Amino acid sequence: MDEIDRKILNLLQKDATLSTAEIAEAVGLSTTPCWRRIQILEQEGFITRRVALVDRNKVNVPLDVFVAIRTNEHNFDWLDEFARLVCEFPEVVELYRMSGEIDYLMRVVVPDMAAYDTFYKKLIKKVQLTDVSSSFAMERIKYTTALPLDYAIDENKSRRRRG
C-alpha cells in the first residue's frame, strides 16, 4: 500500500458512493489505473465491503448501551455457544472478548430503557452469565467508521528498506 492507496481508502471510507472518476481526480490518477487500484484493494482484503450508514434516530435506535459481561466459563465450547447466541440479537452491533476484569463487552442499540430491559431478559434467559453491568451513553461525542490509515504499510518504503 502506498500514499495513493491510502488516499483512495480515505475517500471511500468517507463516501463509498464516489465514482471511480471522482476518486481518480482527487488522487491524481486517470480512471483506469484508479479502478485497477480499487479492484486490487478489494481483492487483497483492504476493502472488505461497502455499506450504507443509517441514521439511528430515523430507525428509532438512539440509545447506546455498553454491556460488560463476566462469566465463570472459560472454554471454547462455551465461547462458541455464547458468540452464536449473542450474534442472533440484532440489537448487538459490536461484541468483543476482553482482557482484564471484564470478559466480554457488547454495544447494544435500542429505542429506550424498556427495550433494553426486554433485551436483557432475553439474553439472560439464553446465556448463563456471572455478572452483567450496563452503562448507558448519555451523549455521543465522536463516532466514525473510518479507520486511521497513518499506520498502513507503505510498500515502496518497505522495499527500499529491504533492498
Side-chain angles (χ1 to χ4, degrees), residues 1-69 74-100 102-111 115-116 119 123 127 135-163:
M1 172 177 301
D2 63 13
E3 187 59 32
I4 292 173
D5 291 334
R6 277 194 289 279
K7 287 179 182 178
I8 290 169
L9 288 176
N10 270 322
L11 288 166
L12 287 172
Q13 285 190 113
K14 290 178 183 152
D15 184 358
T17 66
L18 290 172
S19 70
T20 304
E22 291 170 313
I23 296 167
E25 183 179 332
V27 301
L29 291 175
S30 60
T31 305
T32 301
C34 183
W35 178 84
R36 275 194 222 115
R37 280 179 177 258
I38 293 169
Q39 294 303 304
I40 290 168
L41 289 167
E42 287 177 338
Q43 290 165 6
E44 292 183 354
F46 287 94
I47 299 171
T48 57
R49 61 188 162 155
R50 299 184 195 196
V51 300
L53 300 179
V54 176
D55 184 311
R56 60 191 294 134
N57 292 310
K58 292 191 187 270
V59 295
N60 195 32
V61 286
L63 184 61
D64 279 309
V65 186
F66 295 91
V67 184
I69 294 173
H74 297 281
N75 61 69
F76 289 114
D77 291 337
W78 187 90
L79 172 57
D80 286 345
E81 181 69 2
F82 171 71
R84 186 186 66 74
L85 290 170
V86 168
C87 289
E88 289 176 1
F89 288 97
E91 299 93 340
V92 178
V93 294
E94 296 179 67
L95 172 64
Y96 301 94
R97 187 167 56 88
M98 306 294 289
S99 66
I102 297 166
D103 295 314
Y104 301 93
L105 182 64
M106 288 190 273
R107 184 167 70 94
V108 175
V109 294
V110 289
Y116 175 70
F119 162 82
L123 176 68
V127 184
S135 297
F136 299 87
M138 296 172 55
E139 179 182 10
R140 178 183 276 187
I141 296 170
K142 179 182 179 181
Y143 173 79
T144 183
T145 60
L147 299 174
L149 300 177
D150 296 341
Y151 303 101
I153 296 171
D154 186 326
E155 292 291 326
N156 295 325
K157 288 180 184 174
S158 295
R159 268 189 238 114
R160 283 194 295 269
R161 277 187 235 129
R162 283 183 257 146

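Predicted, not measured: the structure shown is a model, and the values here were computed from it. Numbers here are sequence positions counted from 1.
Remark: Ile23 CD1 to Leu11 CG distance equals 6.5 Å, nearest 0.5 Å. Note that the CG atom of Leu12 and the CG atom of Leu41 stand 8.0 Å from one another [nearest 0.5 Å]. Here the CG-CG distance, from Asn10 to Asp5, works out to 11.5 Å after rounding to the nearest 0.5 Å. In this structure, OG1 in Thr48 is found 10.0 Å from CD in Glu42, a value given to the nearest 0.5 Å. Atom CD1 of Ile4 sits about 4.5 Å away from atom CZ of Arg37, to the nearest 0.5 Å. In this structure, CG on Asp103 lies 4.5 Å from NE2 on His74, to the nearest 0.5 angstrom.
When the shell of 6.0 Å around CD of Glu25 is examined, it contains 12 or fewer heavy atoms from other residues, nucleotides or ligands. Residue Tyr143 qualifies as enclosed at atom OH: its count of foreign heavy atoms under 6.0 Å is above 12.
Residues satisfying the side chain to side chain contact (heavy atoms under 4.5 Å, CB included) test with Asp64, not counting sequence neighbours, are Arg56, Phe66, Arg107, Val109, Ala137, Arg140. Evaluation of the side chain to side chain contact (heavy atoms under 4.5 Å, CB included) rule for Val51 yields Arg49, Leu53 as partners, not counting sequence neighbours. Partners of Phe46 by ring-ring contact (aromatic ring centres under 6.0 Å, His included), not counting sequence neighbours: none found.
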Could you walk me through whether Arg84 and Glu81 pass side chain to side chain contact (heavy atoms under 4.5 Å, CB included), step by step?
CA-CA 5 Å; Arg84 186 186 66 74; Glu81 181 69 2; 2.8 Å; yes

Does the side chain to side chain contact (heavy atoms under 4.5 Å, CB included) test come out yes or no for Val86 and Leu123, once each step is laid out?
CA-CA 8 Å; Val86 168; Leu123 176 68; 4.1 Å; yes

Evaluation steps, side chain to side chain contact (heavy atoms under 4.5 Å, CB included), between Leu149 and Gln13
CA-CA 10 Å; Leu149 300 177; Gln13 285 190 113; 3.8 Å; yes

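Taking all atoms of both residues into account, the shortest heavy-atom contact from Pro62 to Asn57 is CB-OD1, 3.2 Å. The nearest pair of heavy atoms linking Cys34 to Ile8 is SG-CD1, 4.2 Å. When every heavy atom of Met1 is checked against every heavy atom of Ala152, the shortest pair comes out as SD-CB, 3.3 Å. The two residues Ala115 and Val110 make their nearest non-hydrogen contact at CB-CB, 4.0 Å. Among all heavy-atom pairs drawn from Met98 and Ile102, the shortest one is CB-O, 3.2 Å.
Using cut-offs of 30° and 60° on the angle between ring planes, the pair Phe82 and Tyr104 is tilted.
Of the charged side-chain nitrogens involved, none lies within less than 4.0 Å of a carboxylate oxygen, so that Lys7 and Glu3 do not count as a salt-bridged pair.
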